[in-house]
Amino acid sequence: MECPLVSVIVPAYNAEKYLPAAIESVLRQTYGGWELILVDDGSTDSTPAICDKAAAADPRVRVIHKLNGGVSCARNAAMEIAAGSYFTFLDADDLLASRCLETMVGVAQKERVEMVASPLHLSNDDSDFTSWNEAEAAIVDSAKLVEEILYQTSMIECSASGKLYGRNLWDSIRFREDMRYEDLDVFYRVILSVEKVAVVQTVSDELWEQAKKLLREHHL
């Protein structure tokens, strides 16, 4: 597998309780071709110091300090300086399974797609992700995936996290600032900019089907 650069974008506002663990989850990735962009969004706790310490310890970590503008503004600022061939977003209170980037990049290259999605919220255990050449991925029509997300019959969410994007998908798209539910506003525009999406199933077929059944029954 080639090793293109992945820009991992983490907006952080007063995230001192969670940010060190999020940073550590990126540092321990089995895939080495990444840069981590930490955006200190005007924090008033120790978040700025945590960001600077991480950057001083590893040259792959870059930091933006800015006035508070919200998560959309922070993500947009990071994309302006990102060097990666791919982007992925991680919230400051979330973690990446150690094989996440390896698997997502491997699937993107193997299936020749510009977008890979995974039910990351179910991946609290490293064993949920196999090595990239063993990962199973379904190639899904983008319009069908958007419909399934909106009707909540897919384990994929509208969240910006849990997805790997070719950087060109964001050439003319940015998060709209000063609005709530910014992920819901942008996810369909990005997905519909491609024809197909590779969906990596990180849970068993049985659990996958049970979860979808519950979603349908409870209209969640």
Side-chain angles (χ1 to χ4, degrees), residues 3-105 116 118 120-121 123-126 129 157 159-167 169-171 173-183 185-187 190:
C3 196
L5 190 66
V6 179
S7 296
V8 183
I9 295 171
V10 181
Y13 174 71
N14 289 351
E16 63 182 9
K17 293 181 180 179
Y18 316 104
L19 186 57
I23 294 171
E24 180 60 28
S25 77
V26 178
L27 294 175
R28 63 186 176 86
Q29 289 297 300
T30 56
Y31 179 82
W34 54 262
E35 66 169 358
L36 172 59
I37 303 178
L38 302 172
V39 186
D40 161 35
D41 190 34
S43 299
T44 57
D45 63 358
S46 64
T47 294
I50 293 170
C51 293
D52 290 340
K53 181 179 179 181
D58 194 312
R60 296 172 296 177
V61 181
R62 306 166 67 189
V63 179
I64 298 173
H65 295 289
K66 59 182 292 297
L67 295 175
N68 179 254
V71 63
S72 293
C73 183
R75 287 171 175 166
N76 290 341
M79 283 192 281
E80 292 301 317
I81 69 163
S85 302
Y86 295 100
F87 294 165
T88 192
F89 300 99
L90 179 67
D91 290 338
D93 58 351
D94 283 341
L95 304 174
L96 284 183
S98 61
R99 285 182 168 177
C100 180
L101 294 184
E102 173 194 338
T103 301
M104 303 275 266
V105 173
V116 181
S118 175
L120 188 63
H121 64 291
S123 299
N124 298 318
D125 189 329
D126 284 349
F129 280 92
E157 297 181 335
S159 170
S161 301
K163 301 170 182 67
L164 183 78
Y165 310 88
R167 70 169 297 133
L169 302 185
W170 293 90
D171 283 350
I173 298 176
R174 287 293 186 267
F175 291 92
R176 294 180 186 172
E177 301 177 12
D178 300 320
M179 73 173 302
R180 300 178 67 184
Y181 309 114
E182 72 287 338
D183 288 351
D185 168 72
V186 78
F187 90 93
V190 180

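These figures come from a predicted structure and were not determined experimentally.
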Decide yes or no for M104 and Y31: does some side-chain heavy atom of the first lie under 4.5 Å from some side-chain heavy atom of the second?
-> no
Side chain to side chain contact (heavy atoms under 4.5 Å, CB included) evaluation trace for Q29 with C100 | CA-CA 7 Å; Q29 289 297 300; C100 180; 4.0 Å; yes
Nearest atoms (heavy-atom pairs only) where G70 meets D41 | N-OD2, 2.9 Å
Check L36, V10, V8 against I23 for a side chain to side chain contact (heavy atoms under 4.5 Å, CB included) and give me the one that passes.
-> L36
State whether the side chain of R167 and the backbone N or O of A82 hold a donor-acceptor pair below 3.5 Å, judged by distance alone.
-> yes
Nearest 0.5 Å please: distance from the CZ atom of R28 over to the CG atom of L95.
-> 7.0 Å
Can you see which heavy atom on A12 is nearest to which on L19, and at what distance?
-> CB-CD2, 4.1 Å
Test side chain to side chain contact (heavy atoms under 4.5 Å, CB included) applied to K17 and D45, step by step = CA-CA 10 Å; K17 293 181 180 179; D45 63 358; over 6 Å; no
W34 and Y86: aromatic ring centres closer than 6.0 Å?
-> no
Quick one: does E157's side chain get under 4.5 Å of D183's, heavy atoms only?
-> no
In Å and rounded to the nearest 0.5 Å, what is the CG to CD1 distance from D91 to I9?
-> 12.0 Å
Passes side-chain hydrogen bond (donor to acceptor under 3.5 Å, both in side chains), T47 versus E16? Steps please.
-> CA-CA 5 Å; T47 294; E16 63 182 9; 5.8 Å; no
Can you tell me if S43 uses its side chain to pair, donor with acceptor, with the backbone of P48 under 3.5 Å?
-> no
Give a yes or no on whether the backbone of T44 and the side-chain of N14 come within a donor-acceptor separation of less than 3.5 Å.
-> yes
Is the backbone N or O of G162 less than 3.5 Å from a side-chain atom of S118, with the two atoms forming a donor-acceptor pair by type?
-> no
Student check: side-chain heavy atoms of L90 and S25 closer than 4.5 Å = yes
Rounded to the nearest 0.5 Å, the CG atom of L38 sits from the NZ atom of K53 at a distance of 13.5 Å
Start with the C-alpha gap between S7 and E35, add the side-chain angles, then the distance that decides, and say whether side chain to side chain contact (heavy atoms under 4.5 Å, CB included) holds.
-> CA-CA 5 Å; S7 296; E35 66 169 358; 2.5 Å; yes
Test side chain to side chain contact (heavy atoms under 4.5 Å, CB included) on F87 and I37 and set out the steps.
-> CA-CA 10 Å; F87 294 165; I37 303 178; over 6 Å; no
Sub-3.5 Å donor-acceptor pair from the side chain of S98 to the main-chain atoms of T30, do we have one?
-> no
